[in-house]
There are 2 protein chains.
Amino acid sequence: MSANASERLIEATRELLWERGYVGTSPKAIQQAAGAGQGSMYHHFAGKPALALAAIRRTAEELRAAAETELGGTGPAYTRIEAYLLRERDVLRGCPVGRLTMDPDVMADAELRAPVDETLDWLRGRLAEILQEGLDSGEFSPSLDARETAAAIVATAQGGYVLARAAGSPAAFDTAVRGLLALLSPRTAH
Amino acid sequence: MSANASERLIEATRELLWERGYVGTSPKAIQQAAGAGQGSMYHHFAGKPALALAAIRRTAEELRAAAETELGGTGPAYTRIEAYLLRERDVLRGCPVGRLTMDPDVMADAELRAPVDETLDWLRGRLAEILQEGLDSGEFSPSLDARETAAAIVATAQGGYVLARAAGSPAAFDTAVRGLLALLSPRTAH
DNA sequence: GTCTATAGCAGGATAGAC
DNA sequence: GTCTATCCTGCTATAGAC
């Protein structure tokens, strides 16, 4: 947090958006967290929406990069998906992108909503590609629909955050994920 | 909306909580939607948290009753779960209970959070019972873990809302659900 | 670029009249 | 039970000095 003000403002906004959502985050709170005054904030950004847009875009990019770390491997499809779902994460904080979906002011603003949509869409597409690889190599049954299965995987992760936050325990996320992985596993006939 | 004021206030709060969340809902907005004045609201309820608690409890009860409609049937386990997941719903509005999970002020208040936790927990437990029935009757492979699978089902639904809202289309919910159902289906070997 | 002053409006609630 | 008046604080910015 010792970079320039613009940078600190974006990072502070990212944290607050993650923690409290768009509606629950005020310019004043951002300024305090960033150690910047009002003059500074309004010099660098037109207002709260503009600053949020910069923050959301960065968060979205980071999520993609993080996902690609596990998904971009060379192992079997199932193994890469498993690694992605079980990788360490701040479960109780929720998904920094997915949570924006419940923010009415974000959904109402096409510009703010676009990066959210694109990111989740990218993730679904990426998983579908990997599932297709697994299909092509005979890893999965030919009856498996890559597109629908990919959606189910992303949904399970997103819903896992919901369950974990409701229960106040990260374990609820893992339980849901393991349930899905068992259904998907080539080693588990049922 | 022609009942007494207390009733109208609770219903208005339920709508606004669903639409804008707790942080995004002001007492003034509630009063306007309910057609009640401030005096009326503060006569019936101690304040915003008390009113929200009444609203959340009612919404939670309603969700359970609605779920039991499909889950309480007599058909095969898979059929009942399928009916529950595919029943008509206001997908784009999100889950009125699950969305509260992303509301920082709800999660920070033990009283407001309890009904959310209990409802999701009940749903998971109910689904686990049904899966166990299916296990006992030989409908599913013995390798299926009822508890984990139940968590995956709830998570897929919750995440389905996230995907649908991000995409701006209810179809995204159905896609995820169908992906899960295909994995769960006794008729689909893979 | 950053600071301080100022502004109008909304949030959340209390008090007392009716 | 409901209404109006009032209160203080916070939200989201604009203006102009430094």
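We name chains A, B, ... by the order of the sequence lines, and we start the count at 1 in each one.
- Salt bridge present: Arg93(B) and Glu15(B) bring a charged side-chain N and a carboxylate O closer than 4.0 Å.
- When heavy atoms are screened at a 4.0 angstrom cut-off, Thr25(A) is found touching the sugar-phosphate backbone but no base atom.
- In the model, Tyr22(B) has no side-chain atom that pairs as donor or acceptor with a side-chain atom of Arg99(B) under 3.5 Å.
- Here the C1' atom of nucleotide dC7(D) and the CD atom of Gln38(B) are 12 Å apart, to the nearest Å.
- Inspection of the Thr25(B) and Arg20(B) side chains reveals no N or O donor paired with an N or O acceptor under 3.5 Å.
- In summary, contact between chain B and DNA chain C, defined as any nucleotide atom under 4.0 Å from a heavy atom of the protein, begins and ends at dG11(C) to dT14(C) in the 5' to 3' direction.
- In this structure, Tyr42(B) atom OH and dC7(D) atom C1' are separated by 13 Å, rounded to whole Å.
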> When you look at Arg126(A) and Tyr84(A), which way does the side chain to side chain donor-acceptor pair (under 3.5 Å) test go after all the steps?
Replying inline: CA-CA 12 Å; Arg126(A) 192 68 185 86; Tyr84(A) 168 67; over 6 Å; no
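- Between Tyr22(A) atom OH and dC11(D) atom P there is a gap of 13 Å when expressed in whole angstrom units.
- Between dG10(D) and Lys28(A), no contact under 4.0 Å exists linking OP1 or OP2 to a side-chain N or O.
- Between Arg20(A) atom CZ and dG10(D) atom P the separation is 13 Å, expressed in whole Å.
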> Can Leu163(A) and Phe173(A) be said to form a side-chain contact (heavy atoms from CB on, under 4.5 Å), step by step?
Replying inline: CA-CA 6 Å; Leu163(A) 295 182; Phe173(A) 179 96; over 6 Å; no
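- With hydrogens and angles left out, the side-chain atoms of Thr59(B) and Arg14(B) include a donor and acceptor closer than 3.5 Å.
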